[in-house]
Number of protein chains: 2
Amino acid sequence: MDMASFGADEWIEAAYRRFNEDGLAAVRVEAVARDLGASKGSFYWHFADRAELVAAVMAKWEQIETDFVIDLVERAGTPEERLAVLYDVIVDRMRQRGGERTLYVTAAGEGVDAVVGRVTERRVAYVAALLEAAGFDADEARRRGATVVAAVIGFQQLAAGGWRAGPRVETGELTASILRMSLTPAGR
Amino acid sequence: MDMASFGADEWIEAAYRRFNEDGLAAVRVEAVARDLGASKGSFYWHFADRAELVAAVMAKWEQIETDFVIDLVERAGTPEERLAVLYDVIVDRMRQRGGERTLYVTAAGEGVDAVVGRVTERRVAYVAALLEAAGFDADEARRRGATVVAAVIGFQQLAAGGWRAGPRVETGELTASILRMSLTPAGR
DNA sequence: CTCTTTCCATACGGTGGCGTATGGAAGACT
DNA sequence: AGTCTTCCATACGCCACCGTATGGAAAGAG
């Protein structure tokens, strides 16, 4: 046991950092090895193949994101206050979560769509629960919850493509706007 | 001039088909050549490199999508009726437009973010114009227009990841829901 | 009929990714 | 001390993709 040796955890950690920066496509065996100052020989001693590393990274990601939602659930406050907190969270994490931008598209090809689907479902369920607490019936709350999540991800996509909201409208306002819309009852 | 020869247009057409199926990543020189029954030698006579083909494909895409929006603009009807038409259009094209799913993420890397940004802007502007005609002020209409476009793209992303709306909520309802929400004024 | 231009196929070199083979260093065990 | 297990580096083979080099067929010009 060398003290400077690389356990599987170090590999997963380094790979997770790469995922967080540039998505699953960036978690390449040689690249992660370079980050770690290790070599492929080490990697293939700890892992069967790249897919195993990717699966571990996604497991870590699921854990982190699930804990995050649980934290959100356990907060107190009215639904409106909680949506305000959600706004801060979204805007705050929008910048750093670069890896998630590409995740939805690559998920199927990497065989991790089950994990992604579960995390998505938890997010949708969380927002839906908030909206249900705010007075919407279950089905409408779920539709709106899905819409909020979709819109946030869509904003990321539009920004990743060349689009900018423009001088009159800031990006943060868009998130605020969808949250406001989600709370406005339909009827007249 | 052989009658069975391949002009640049044939290459662009075949490449566009690939883009439409599986995104820009699928427009590979050898693959398109195989589709056409041609070889790389032919390709590199008509094009300087792959980027030139990709640019041509995106130009074609921009043309098609822009014409589409113009068609939409020229239709008559109340804003509500026009949004209903937009709904049909979105749901109808959601299935076939597989290539656009990956476009926003790959745009920067392929150097086509300018085109993508322009098309996005036209779509946002179209929906914003509808909403402004429905009584919203310009800024609010723009925010909501962007939200509608983002939500639709977000739904595609969520579906591409493993997520399904669930047994109680259909995918089509989500599109209907965001359009309805976009038309509901904020005040009480 | 010959020569030139146009168009294209085959073959090659280069890069970057994954996974494997092999040897070796360093501790653990006896 | 000698051996065995653990961990890792270097080197290799393989494949997919891009772009280039080269030779050649087919059609038009004269």
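Quick caveat, the model's predicted, so the values are computed rather than measured. All chains are named by letter (A, B, ...) in the order of the sequence lines, taking the proteins before the strands, and each is independently numbered beginning at 1.
Residue Glu110(A) contributes atom CD, which lies 13 Å from atom C1' of dG17(C) at whole-angstrom precision. Taking atom CD of residue Glu30(A) and atom C1' of nucleotide dC14(D), one finds them 13 Å apart after rounding to whole Å. Atom CZ in Arg50(B) sits about 6 Å away from atom P in dC18(D), given to the nearest Å. Arg34(B) places its CZ atom 16 Å from the C1' atom of dA9(C), with the value rounded to the nearest Å. The distance between atom CZ of Phe47(A) and atom C1' of dC8(D), rounded to the nearest whole Å, is 14 Å. Put simply, CG on Leu36(A) is 14 Å from C1' on dA9(D), counting in whole angstrom units. For the pair Trp11(A) CH2 and dC7(D) C1', the computed distance is 12 Å after rounding to whole Å. Taking atom CD of Glu52(B) as the reference point, atom C1' of dC18(D) lies 15 Å away to the nearest angstrom.
The aromatic rings of Phe19(A) and Tyr16(A) sit tilted, their planes meeting at an angle between 30° and 60°.
The phosphate of dT6(D) has neither OP1 nor OP2 within less than 4.0 Å of any side-chain N or O from His46(A). Applying the 4.0 Å criterion to OP1 and OP2 of dG19(C), one finds that Tyr44(A) has a side-chain N or O inside that range.
Under 4.0 Å is where a charged nitrogen must lie from a carboxylate oxygen, and between Glu100(A) and Arg123(A) at least one such pair does. Under the 4.0 Å criterion applied to side-chain N and carboxylate O atoms, Glu173(B) and Arg144(A) are not assigned as salt-bridge partners.
When distances are taken from the side chain of Ser39(A) to each of dA11(D), dC8(C), dA9(D), the shortest belongs to dA9(D). The nucleotide whose nearest atom lies closest to any side-chain atom of Ser42(A) is, among dC18(D), dC18(C), dA9(D), dA9(D).
Among the heavy atoms of the strands lying under 4.0 Å from Ala38(A) are primed sugar atoms or P, OP1, OP2 only; no base atom is included.
Looking at Arg93(A), Arg118(A), Arg122(A) one by one, the single match for salt bridge (Lys or Arg N to Asp or Glu O under 4.0 Å) with Glu65(A) turns out to be Arg93(A).
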Step-by-step side chain to side chain contact (heavy atoms under 4.5 Å, CB included) determination, Glu62(B) to Met58(B):
CA-CA 6 Å; Glu62(B) 179 175 19; Met58(B) 291 313 287; over 6 Å; no
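Remark on DNA chain D: of its neighbouring residues Ala51(B) and Trp45(A), the 5'-side contact belongs to Trp45(A), judged by nearest-heavy-atom nucleotide.
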